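Residue numbers begin at 1 in each chain, while the letters A, B, ... track the order of the sequences. Side-chain atoms are counted along with the backbone in the values below, which use heavy atoms only and exclude waters and symmetry mates. Computed from a prediction, not measured in an experiment: that's the story for all the values here.
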Protein chains: 2
Amino acid sequence: MTNIQEIARLAGVSTTTVSRVINQHPYVNEAKRKEILKIIERLDYVPNSNAKSLKEGMTRIIGVLTGTYTTLSTSFIQAFNTSANKHGFNVMLFITNGDRQQELIALEMLRSKQLDALICLFRTNEWKVIESYTKYGPIVTWQRLVSDTIPSVFMDHYKGYTLGLEYLYAKGYRRIANVFSSKGLNTPERVRSYHDFADKYQLKANSFPDFHDKLTIYDGEEVARWWIGQNDRPDAIACSNDNVAAGLLTELRRAGFSAPGDVGILGFDNTELAHLLDLTTIHYPANKQAENAFYIILDMLGQPAPEVHTLEFELIERKST
Amino acid sequence: MTNIQEIARLAGVSTTTVSRVINQHPYVNEAKRKEILKIIERLDYVPNSNAKSLKEGMTRIIGVLTGTYTTLSTSFIQAFNTSANKHGFNVMLFITNGDRQQELIALEMLRSKQLDALICLFRTNEWKVIESYTKYGPIVTWQRLVSDTIPSVFMDHYKGYTLGLEYLYAKGYRRIANVFSSKGLNTPERVRSYHDFADKYQLKANSFPDFHDKLTIYDGEEVARWWIGQNDRPDAIACSNDNVAAGLLTELRRAGFSAPGDVGILGFDNTELAHLLDLTTIHYPANKQAENAFYIILDMLGQPAPEVHTLEFELIERKST
DNA sequence: TTGTATGCGTTATCAT
DNA sequence: ATGATAACGCATACAA
């Protein structure tokens with residue numbers, strides 16, 4: 001095992017000097033620095049991370065807790081990862097698949113100092129349980145949560161959904177059907193958004209049944225078949241996400257219909273799929289949220305952190321409306 | 001920061017005794033043990049992993065390197081994770097999305113002792129690069145690779161595919177079309193398998209074009225539309241995986257056809273989807289391979305390891321043939 | 001059955 | 001500009 005002492009011995013200097021070279025401290029003789037670097041190179045020496053972690057009191061590893069690896073979480077995770085790397089942190093991914101035990105493993109790693117912080121995209125254990133771990137290190141979430149100890153980079157979907165509905169209204173759509181996603185934290189906000197919207201414009205509410213728990217491409221196809229089967233069809237469909245909108249659009253096309261010719265389709269999230277299929281959608285800045293999450297963690301770790309971004313939903317007009 | 005010394009001080013014993021209690025060593029007075037445990041509980045003490053890692057020379061973390069998170073890799077990773085946990089190891093997941101740099105991060109963590117070993121489901125850098133890291137710790141792969149330094153838990157797809165073809169033949173199918181997956185390492189073996197099979201039974205080769213790069217449900221649907229459009233249809237289709245078979249089956253059904261009534265469909269992998277849709281398929285024991293991968297690593301780490309499983313493809317007959 | 005002393009590999013303080 | 005030395009928190013060889 002080649003360690004810093006061996007390098008020091010070979011270079012005829014003290015470990016301090018070697019450490020200085022490694023960590024780019026000033027005040028080290030240029031000739032010695034060159035020599036030391038050469039020996040490091042020759043022996044293929046790398047500082048032992050564990051020793052460093054022990055000494056520094058941190059591992060520079062941040063855990064990311066998620067349930068599944070979906071399109072949206074992917075872009076969040078990637079952006080988070082990029083930010084973290086830029087600041088010398090690495091990311092440890094935990095895909096729990098809803099397993100409480102798996103989630104606890106990550107939490108325990110925070111407790112035992114193997115992780116400096118945790119970002120929670122999804123949780124299985126009660127918030128109370130997760131909150132009880134905040135004393136061991138920063139925990140930040142992407143979910144809707146108001147907590148003193150767990151900051152959230154959540155965005156209010158009421159605003160985002162309203163943005164979409166107002167756009168549809170402006171385009172002349174009046175008979176709008178809603179496809180909602182799972183009974184999570186955002187759906188109630190979207191439901192409320194639609195109700196307020198319908199009130200505001202005196203639209204006949206409940207002319208169509210609300211869809212719920214629709215989130216996959218297949219769900220979108222199902223909605224398409226429903227639409228086809230109606231006598232009195234909606235003139236626009238606001239979808240829970242781009243997947244649903246994509247399934248809806250392609251299934252309608254298979255049946256010989258078109259959008260926006262026969263019906264307007266609005267996606268949500270602005271994923272690659274929306275781009276691919278030219279779906280009008282609401283841009284949900286997951287990557288910026290991820291950066292914010294990292295900045296918040298950085299700040300909580302007492303490190304200098306950039307200012308967080310202000311986040312805005314944005315309507316991306318394409319060709320499905 | 002509550003450490004082992006504080007516990008020792010409070011209990012009026014030495015750190016050695018506390019350490020013994022924590023690590024369940026014998027020879028410690030029962031009364032003291034109880035008392036120490038009580039104090040540990042009260043102070044909410046956890047041993048610092050970094051100190052332990054430094055002392056023991058290992059972190060008990062194994063990295064899993066993958067490109068994307070797909071159905072098949074999921075079952076591998078989960079099985080690997082379970083095995084690892086059972087032996088006191090944790091798993092750090094790296095989803096590279098084909099980014100060389102991301103892969104190097106994992107490799108470097110092995111070098112700097114943050115990882116005890118690496119399991120490589122997918123690689124982006126050249127094997128030569130990856131091989132150069134084997135001197136820092138065990139690296140095991142799931143891909144086809146013959147190497148002195150990187151053991152593989154790969155299974156020969158020639159055998160698996162032949163198993164399926166022979167089964168189709170026995171069931172009376174003579175006009176078999178092949179749907180292959182990406183130009184990876186297994187496809188050539190499958191192609192070879194079909195050629196040998198066709199030779200053996202004097203089947204007219206190339207009566208149908210081989211499909212390539214088909215691996216999603218959508219690809220399967222595309223194959224269905226092709227099949228429907230043919231005058232002279234194959235009587236069976238051997239699919240690259242269960243996804244394709246599923247897309248094929250459901251799209252045929254939408255068009256009013258059935259399997260095995262109109263055509264036999266054979267999947268591959270035996271995933272949940274095959275179960276769900278009653279697809280005849282080839283069981284590919286990814287979970288056993290994962291356990292083997294872990295056992296090999298355990299052995300390479302000089303720890304006592306169970307015997308590896310012998311792996312066999314298995315034909316799962318359901319209702320699509 | 002228990003304690004003392006040492007080392008794992010670093011970084012940082014304080015002299016020089 | 002450089003080096004001795006003391007931590008960081010733990011496990012263990014050895015002594016008692």
Side-chain angles (χ1 to χ4, degrees), chain A residues 1-37 39-40 43-61 88 109-116 136-137 303, chain B residues 1-37 39-40 43-61 88 109-116 136-137 303:
Chain A
M1 172 45 55
T2 148
N3 56 19
I4 200 173
Q5 307 198 38
E6 185 168 353
I7 305 293
R9 191 172 52 74
L10 261 51
V13 298
S14 74
T15 60
T16 309
T17 305
V18 178
S19 178
R20 285 217 178 90
V21 170
I22 292 165
N23 298 295
Q24 334 221 20
H25 278 294
Y27 304 131
V28 48
N29 178 290
E30 196 50 29
K32 285 191 180 171
R33 136 178 269 108
K34 284 254 162 52
E35 172 64 10
I36 289 169
L37 284 174
I39 295 175
I40 285 176
L43 293 205
D44 189 30
Y45 163 77
V46 215
N48 180 313
S49 301
N50 299 125
K52 207 186 291 204
S53 294
L54 175 59
K55 181 65 185 162
E56 314 247 282
M58 65 189 304
T59 56
R60 303 191 83 81
I61 299 180
M109 286 178 80
L110 179 67
R111 186 154 97 108
S112 70
K113 303 274 174 204
Q114 274 187 295
L115 258 28
D116 290 344
Y136 308 119
Q303 313 241 328
Chain B
M1 171 45 56
T2 148
N3 56 19
I4 200 172
Q5 308 198 37
E6 184 167 356
I7 305 294
R9 191 170 53 73
L10 261 51
V13 298
S14 74
T15 61
T16 310
T17 306
V18 177
S19 178
R20 287 217 177 89
V21 169
I22 292 166
N23 297 296
Q24 334 221 21
H25 278 292
Y27 303 131
V28 48
N29 179 287
E30 196 51 31
K32 285 191 180 172
R33 137 177 269 110
K34 286 254 162 54
E35 173 64 10
I36 289 169
L37 285 174
I39 295 175
I40 285 177
L43 293 204
D44 190 30
Y45 164 76
V46 216
N48 180 313
S49 302
N50 299 124
K52 207 185 292 203
S53 295
L54 176 58
K55 179 67 187 162
E56 313 249 281
M58 65 191 302
T59 56
R60 302 192 82 82
I61 300 180
M109 286 178 81
L110 180 67
R111 186 155 98 106
S112 70
K113 301 278 175 201
Q114 274 187 296
L115 257 29
D116 291 344
Y136 308 119
Q303 314 241 327

Quick check on C:dT2: is either OP1 or OP2 less than 4.0 Å from any side-chain nitrogen or oxygen of B:K32? yes
Taking CZ from A:R9 and P from D:dT2, how many angstroms apart are they, rounded to a whole number? 20 Å
Where the side chain of B:S14 is defined as all heavy atoms beyond and including C-beta, which of D:dC10, D:dA11, C:dG3 is the nearest nucleotide? C:dG3
Side chain of A:I4 (C-beta onward), nearest among C:dT11, D:dT2, D:dA11: C:dT11
Ignoring the backbone of A:L54, work out which of D:dC8, C:dT11, D:dG3 is nearest its side chain. D:dC8
Please work out if A:V21 contacts a base, only the sugar-phosphate, or nothing of the nucleic acid, heavy-atom cut-off 4.0 Å. nothing
To the nearest angstrom, how far is A:E6 atom CD from C:dC8 atom C1'? 15 Å
With a 4.5 Å cut-off on side-chain heavy atoms, are B:I40 and B:I22 touching? yes
B:K52 vs A:V28, nearer the 5' end of DNA chain D by closest nucleotide: A:V28
Earlier contact from the 5' end, DNA chain C, for B:N29 and B:A51: B:N29
Nearest to the side chain of A:Y27, heavy atoms from C-beta on, is which of C:dA5, D:dC10, D:dT2? D:dT2
Rounded to whole Å, the CD-C1' distance (A:E56 to C:dT10) equals 8 Å
So B:K55, base contact, sugar-phosphate only, or nothing? Heavy-atom distance under 4.0 Å. base
Identify whether any heavy atom of A:N23 sits under 4.0 Å from a base atom; if not, whether one sits that close to sugar-phosphate; answer base, sugar-phosphate or nothing. sugar-phosphate
Distance check: side-chain N/O of B:N3 vs OP1/OP2 of D:dG9, anything under 4.0 Å? yes
Identify the heavy atoms of B:S49 and A:Q114 that sit nearest to each other, and give their distance. CB-CG, 3.1 Å
Rounded to whole Å, please give me the gap between CD1 in A:I36 and P in D:dA1. 14 Å
With the side chain of B:T16 defined as its heavy atoms from C-beta on, choose the nearest nucleotide among C:dT11, D:dT12, C:dG9. D:dT12
A:I22 CD1 to C:dA12 P, straight-line distance once rounded to whole Å: 12 Å
What's the closest nucleotide to the side chain of B:S19 if the choices are D:dT12, C:dT11, C:dG3? D:dT12
Within the side chain of A:S112, is there an N or O that forms a donor-acceptor pair under 3.5 Å with the backbone of B:V46? no
Side-chain donor/acceptor of A:N50 to backbone N/O of B:N50, under 3.5 Å: no
Counting side-chain heavy atoms from CB outward, which of D:dT12, D:dT5, D:dT2 is closest to B:H25? D:dT12
Spacing between A:N50 atom CG and C:dG7 atom C1', to the nearest angstrom: 15 Å
Tell me the interatomic distance from A:Q114, atom CD, to D:dC10, atom P, rounded to whole angstroms. 13 Å
Go nucleotide by nucleotide along DNA chain C from the 5' end; which of B:E30 and A:R20 gets its closest nucleotide reached first? B:E30
Check: A:G88 main-chain N/O paired with A:R60 side-chain donor or acceptor under 3.5 Å: yes
Are the side chain of A:D116 and the backbone N or O of A:M58 linked by a donor-acceptor pair below 3.5 Å? no
Integer-rounded Å distance: C:dC8 C1' and B:K113 NZ: 12 Å
